[in-house]
Amino acid sequence: MLAPSSEASSRRLKLITVFGSAAVALLLVLFVGLTLWTERRDNLRAAENLALSQLQSFTHAIGLTLAGVETVLDVAATRVSAAGPDDPTLALYLRNLSRRMDSLRAVLVIDAGGRIVADSRDRGLATNYDASSREYFRMPRAGRVGQIHIGRPVLSFLDGQWALPISKAVRDANGRLLAVVVASISPGRLAEGVPSSAIDEGRRALLARTDGALLMRLPGNGFWPRTSLAETPLFTDKLLGAGLGAFETDSLFDDGHRLVAYRTLEGFPLVAAVGLSREFVQRGFQSHLIGFAVLLAFALAVLGVATVLQLRSVSAMGRRNRELAQAYRLAHGANRAKSQFLARMSHDLRTPLNAIAGFSELMTLGILGPLPERYRQYAEHIRSSSLHLHSLVQDLLDLSRAESGRLQLNDEEVAQVGKLVEDCVQLVEGAARDRSIRLVNRLPAETPQVRCDPIRIKQILINLLTNAVDYLPVGGRVTIDLDRPRSGGLRLVIQDDGPGIPDEVVAAAQGDDEQLDPLVASKSQGSGLGLSIAFTLARLHGGALVIDSAPDRGTRALLELPATRLLAEQGPEPDRLSASA
């Protein structure tokens, strides 16, 4: 396998770092933006609710005042209808009537010709005044029966004060105009019931007719020169869709951008609006905006510093990677040379070893004639030594294939676990008998079937059994058990009562091809490679080989195969530990 390009990896990491930092920065900006948008939306909703609440108080106070004025007009109209506009006691009656409502400036009666015939004020200030040209006379005269008319504010010719006239026509049974009753009220007095806290801190309120004629505004003197709102968005757009709502505009109050809540007054041709200034609406949001902006700037600064440090680290890592890549190439070349040497050596050695083993076996059997006993023993030693050397060469070749990843399993076969163990026991039984070592096979009569490479499983078991037999003192004992853990799978346990193996030797067998223990290996004339191969073959089967051993307490080897290798599950059995000798 070729070493990856350190330059490409370094560039890729730098790109990942830059794009990752940009993505994080974008996410931070989006998060802060979304949070601020949500905050502004909630702030705007709260401001709309506040404006609508204040609008409710405003319109409620106006409605009460207008209802009182309408009652006064109805009472006065009833008196005029009954006694006529020329009743000499009418002025006194109007004076007593107006005293019931403090916000009234005056109550007037205008005859059909437009002349004021009765005035509620002392001395009848407006009596005999010609009001035929005034809107508050002309509109009721031309309007529907029973309808009140709210006129534009007018500047009183008597006291120079602005007055809001509210009038109603009085007709006889035939519909002929008898008179017009007018109630005059100061525009500012319409909202006397509005709490002072409702219109302050940059808040504004106004009242207009549905045709856009402005009647009143607060705070102030109740009126200002702009007398029509007909061209503002409130009348050209909003009122066309709904009689209640809120929107933002900078053209209604003429003093800056405001959030405006509006509604029409039920029973009256009027529109009321309350406006909150941008500063008032956003005063809570502004503090959050500044806080989030500072937090975002700090986070982006930290991210920028972290990105620079990461890029420097990637550059340093790139240099180390180049050095490691050079070392990897050297190691890979050496490993390839070793593999080639082992493959060539195994081929060169196995051919003459096969010939030596074959000819020595012919000599031992005396095919061409009997040999003297001493020569026959020499031939037997030659044969056993050649077979041992052949096994050593095969172990080296297997280990080389395992390291290079070329060792593959032929694991499509199905084998009986008991049969595999029995075959391996028979192979080592002779050597065990020669040394008076007992092999105890405690597997049940019925054992599971597994999908495996039978040759490689036997290789593992033979290595474990051979090691146990070779290392045990004369008269020792080796037991073979089968465990079925609750987690599934299968576990073969081989235990002996020999001298044991140190932990460091077991660790070395799992990591490299060094001989396990030179003293023990020289005693048994083993290579020490079999245990390393056994670990590799167990992993290739998806299982594991576990060695539990220590000096002077024996060795317990556990070969575990996963549940996926079992073909016929017979139900899990309780865990049971292998019995020690």
Side-chain angles (χ1 to χ4, degrees), residues 62 64-172 175-192 207 209 213 215-216 221-223 227 268-270:
I62 293 175
L64 290 177
T65 302
L66 291 177
V69 172
E70 187 175 17
T71 300
V72 170
L73 291 176
D74 288 341
V75 172
T78 301
R79 176 61 180 264
V80 171
S81 179
D86 296 327
D87 180 9
T89 64
L90 183 59
L92 179 61
Y93 181 82
L94 294 179
R95 189 176 303 116
N96 293 331
L97 182 62
S98 64
R99 288 171 180 172
R100 300 179 183 179
M101 191 171 180
D102 294 337
S103 58
L104 285 174
R105 300 182 74 237
V107 178
L108 309 175
V109 176
I110 307 173
D111 63 14
R115 184 174 61 87
I116 298 177
V117 295
D119 186 348
S120 66
R121 287 172 291 190
D122 293 337
R123 298 185 303 280
L125 297 178
T127 303
N128 297 322
Y129 175 78
D130 184 6
S132 59
S133 62
R134 292 287 187 169
E135 182 190 45
Y136 55 78
F137 173 75
R138 290 185 293 103
M139 296 303 293
R141 184 178 61 180
R144 294 193 301 270
V145 176
Q147 183 182 29
I148 70 170
H149 172 73
I150 302 176
R152 293 173 180 270
V154 295
L155 191 64
S156 174
F157 67 91
L158 296 175
D159 55 12
Q161 299 295 320
W162 287 101
L164 183 67
I166 303 173
S167 55
K168 181 178 181 179
V170 183
R171 300 179 186 274
D172 61 14
R176 183 173 61 89
L177 180 68
L178 295 177
V180 173
V181 181
V182 181
S184 174
I185 187 172
S186 297
R189 302 292 296 273
L190 276 174
E192 282 185 324
L207 181 69
R209 293 193 315 208
L215 304 180
M216 179 190 66
N221 59 2
F223 184 68
T227 59
F268 301 97
L270 299 175

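The model shown is predicted, which means the values in this text are computed figures rather than measured ones.
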Q | Where Ser81 and Leu178 come nearest, the two heavy atoms and their spacing | A | CA-CD1, 4.4 Å
Q) What closest approach, in Å, do Arg176 and Asp172 show between heavy atoms, and which atom pair accounts for it? A) N-OD1, 2.7 Å
Q) Just wondering, do Arg115 and Asp130 contact through their side chains at under 4.5 Å, heavy atoms? A) no
Q) Is the backbone of Ile150 close enough, under 3.5 Å, to the side chain of Arg209 for a donor and an acceptor to pair up by distance? A) yes
Q: Indicate whether the side chain of Arg79 and that of Thr89 have a donor and an acceptor atom separated by less than 3.5 Å.
A: yes
Q.
Run the side-chain contact (heavy atoms from CB on, under 4.5 Å) test on Leu108 and Arg121 for me, step by step, so that the C-alpha distance in whole Å, both residues' side-chain angles and the decisive distance to 0.1 Å come before the verdict.
A. CA-CA 9 Å; Leu108 309 175; Arg121 287 172 291 190; 4.2 Å; yes
(Q) Any non-hydrogen side-chain atom of Val117 less than 4.5 Å from a side-chain atom of Ile110? (A) no
Q | side chain to side chain contact (heavy atoms under 4.5 Å, CB included) against Leu64, all qualifying residues, sequence neighbours excluded | A | His60
Q: Measure from the side-chain N and O atoms of Ser120 to the backbone N and O of Val107, and report whether any donor-acceptor pair falls under 3.5 Å.
A: yes
Q.
Taking the side chain as everything from C-beta on, heavy atoms only, tell me whether Leu94 gets closer than 4.5 Å to Val109.
A. yes
**Q.** side chain to side chain contact (heavy atoms under 4.5 Å, CB included) involving Pro165 - partner list, sequence neighbours excluded
**A.** Tyr136, Val154, Val182
Q | Chi angles and distances behind the side-chain contact (heavy atoms from CB on, under 4.5 Å) call for Ile166, Ile185 | A | CA-CA 8 Å; Ile166 303 173; Ile185 187 172; 4.3 Å; yes
**Q.** Closest contact, heavy atoms only, Leu177 versus Ala169
**A.** CD1-CB, 3.9 Å
Q.
How close do Leu104 and Ser98 get, counting heavy atoms only, and between which atoms?
A. CD1-CA, 4.1 Å
**Q.** Carboxylate-amine/guanidinium proximity below 4.0 Å for Glu135 and Arg141
**A.** no
Q) Between Arg95 and Asp119, is the closest basic N to carboxylate O distance under 4.0 Å? A) no
Q.
With rounding to the nearest 0.5 angstrom, report the OH to CZ distance, Tyr129 to Arg134.
A. 4.0 Å
Q | Sub-4.5 Å side-chain heavy-atom contact between Leu215 and Pro153 | A | yes
Q: Would you check if the side chain of Arg138 reaches a backbone N or O of Ser133 as a donor-acceptor pair within less than 3.5 Å?
A: yes
Q: Mind running side-chain contact (heavy atoms from CB on, under 4.5 Å) on Met139 and Ser167 for me, showing each step along the way?
A: CA-CA 9 Å; Met139 296 303 293; Ser167 55; over 6 Å; no
Q) If we only count heavy atoms from C-beta on, is the Leu97 to Val72 side-chain gap below 4.5 Å? A) yes
Q | Asp74 and Lys168, any side-chain heavy atoms less than 4.5 Å apart | A | yes
(Q) Taking the side chain as everything from C-beta on, heavy atoms only, tell me whether Met216 gets closer than 4.5 Å to Trp162. (A) no
Q. Going through the distances and angles, do Asp111 and Asp86 end up as a side-chain contact (heavy atoms from CB on, under 4.5 Å)?
A. CA-CA 8 Å; Asp111 63 14; Asp86 296 327; 5.5 Å; no
